[in-house]
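Here the structure is laid out as structure tokens; the discussion comes afterwards.
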Amino acid sequence: MESEQALIRINPEYEDQLAGSIGLELAFSPTVSIQGADSIVEKLGYFPPFHYDRITAANMTKDQITLTIELSYASVLVPKSPDLEPSAEVSVIPEAPVKDVPRYAVTFTFLETKEHVLTPVETENIILQLDFRYEEADMVVDIDALSGLSGSFLCRGIRAEIKELNE
């Protein structure tokens, strides 16, 4: 079977109802689609949504983008639910930096990038939302910002690495 084909087995009694109506969409899962995401989940207990986190370094070439995102205290302290998503129950999160709370940065390397539509990097680059999805064989990366770098681009692969920051 070719990589662009999928075999679906259905009961013959449903064949007429389903003929021509079956569509498949490749779901984006960080732990499957991002190389190194497992180590982030291992360290934090979940894959962060990167809301209100700060882009501290950006390097963009014609076909590769590297972004380093420093996680806020909220991202590190947020309670986790068993499905590796932030819990719906909001805890009291301190406004000021707290001693003994580890600081982390995640560096993403986006490979074989194209169709860049990005605003310039500014002094403050704070993410509102970072979204990933598939569009045929490419991955789409959308960056919505509170301030600074925003936009979207396509890539063929994503690597991520988490490091604890020593202050």
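Side chains are part of it too, since the values below use all heavy atoms of this structure and drop only hydrogens, waters and symmetry mates.
- Relative orientation of the F50 and F47 rings is perpendicular, given thresholds of 30° and 60° on the angle between their planes.
- Separating the CZ atom in R159 from the CD atom in E161 is a distance of 9.0 Å, to the nearest 0.5 Å.
- Across every non-hydrogen atom of F132 and V141, the tightest pair is CD2-CG2, 4.0 Å.
- Residues S72 and D53 meet the side-chain proximity criterion, which asks for heavy atoms closer than 4.5 Å.
- Both Y73 and I127 are part of a single hydrophobic cluster, where members link through side-chain heavy atoms under 4.5 Å apart.
- Shown here for R54 and E124, the closest heavy-atom pair between the two residues is NH2-OE1, 2.7 Å.
- By the rule that hydrophobic residues join a cluster once side-chain heavy atoms approach within less than 4.5 Å of another member, I55 and L146 end up as members of separate clusters.
- Put simply, the side chain of I69 reaches to within 4.5 Å of the side chain of L130, judged on heavy atoms.
- At distances below 3.5 Å, at least one donor-acceptor pair connects side-chain atoms of N125 with backbone N or O atoms of L149.
- Between V117 and E115 the shortest side-chain heavy-atom distance does not fall below 4.5 Å.
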Throw together a table of side-chain donor-acceptor distances under 3.5 angstrom for residues 32-45, partners on residues two or more places apart or in other chains.
unit_1, atom_1, unit_2, atom_2, d
S33, OG, S29, O, 3.2
S33, OG, Y134, OH, 2.8
S39, OG, G36, O, 2.7

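- The CZ atom of R156 sits 5.0 Å away from the NZ atom of K114 when rounded to the nearest 0.5 Å.
- One side chain, T68 or T107, offers a donor N or O that lies under 3.5 Å from an acceptor on the other.
- At a threshold of 4.5 Å between side-chain heavy atoms, the hydrophobic network of Ile, Leu, Val, Met, Phe, Trp and Tyr places L111 and L154 in two separate groups.
- Two residues are said to be in side-chain contact when any heavy atoms from C-beta on lie closer than 4.5 Å; E70 and V106 fail this criterion.
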Query raised in the report: How far apart are the C-alpha atoms of C155 and E112, what are their side-chain angles, what is the distance that settles it, and do they pass the side-chain contact (heavy atoms from CB on, under 4.5 Å) test?
Result: CA-CA 5 Å; C155 68; E112 297 181 50; 5.9 Å; no
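- Counting only distance, with no hydrogens or angles, the side chain of H51 and the backbone of L128 share a donor-acceptor pair below 3.5 Å.
- S152 approaches L118 most closely through the heavy-atom pair N-CD2, 3.7 Å.
- One finds the CE atom of M60 at 6.0 Å from the CD1 atom of I65 (value rounded to the nearest 0.5 Å).
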Query raised in the report: Stepwise, does the side-chain contact (heavy atoms from CB on, under 4.5 Å) test hold for Q64 with N59?
Result: CA-CA 8 Å; Q64 182 171 304; N59 184 7; over 6 Å; no
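- Between the NZ atom of K163 and the CG atom of L165 there is a distance of 9.5 Å, given to the nearest 0.5 Å.
- T119 contributes atom OG1, which lies 8.0 Å from atom CD1 of I143 (distance to the nearest 0.5 angstrom).
- Defined by atom type and a distance below 3.5 Å, a donor-acceptor pair is missing between the side-chain atoms of T113 and D63.
- Aromatic ring pairs are classed by plane angle as parallel below 30°, tilted from 30° to 60° and perpendicular above 60°; the pair F153 and F110 is perpendicular.
- For the atom pair CZ of F108 and CD1 of I158, the computed distance is 7.0 Å after rounding to the nearest 0.5 Å.
- Remark: the backbone N or O of L71 is paired with a side-chain donor or acceptor of R103 at under 3.5 angstrom.
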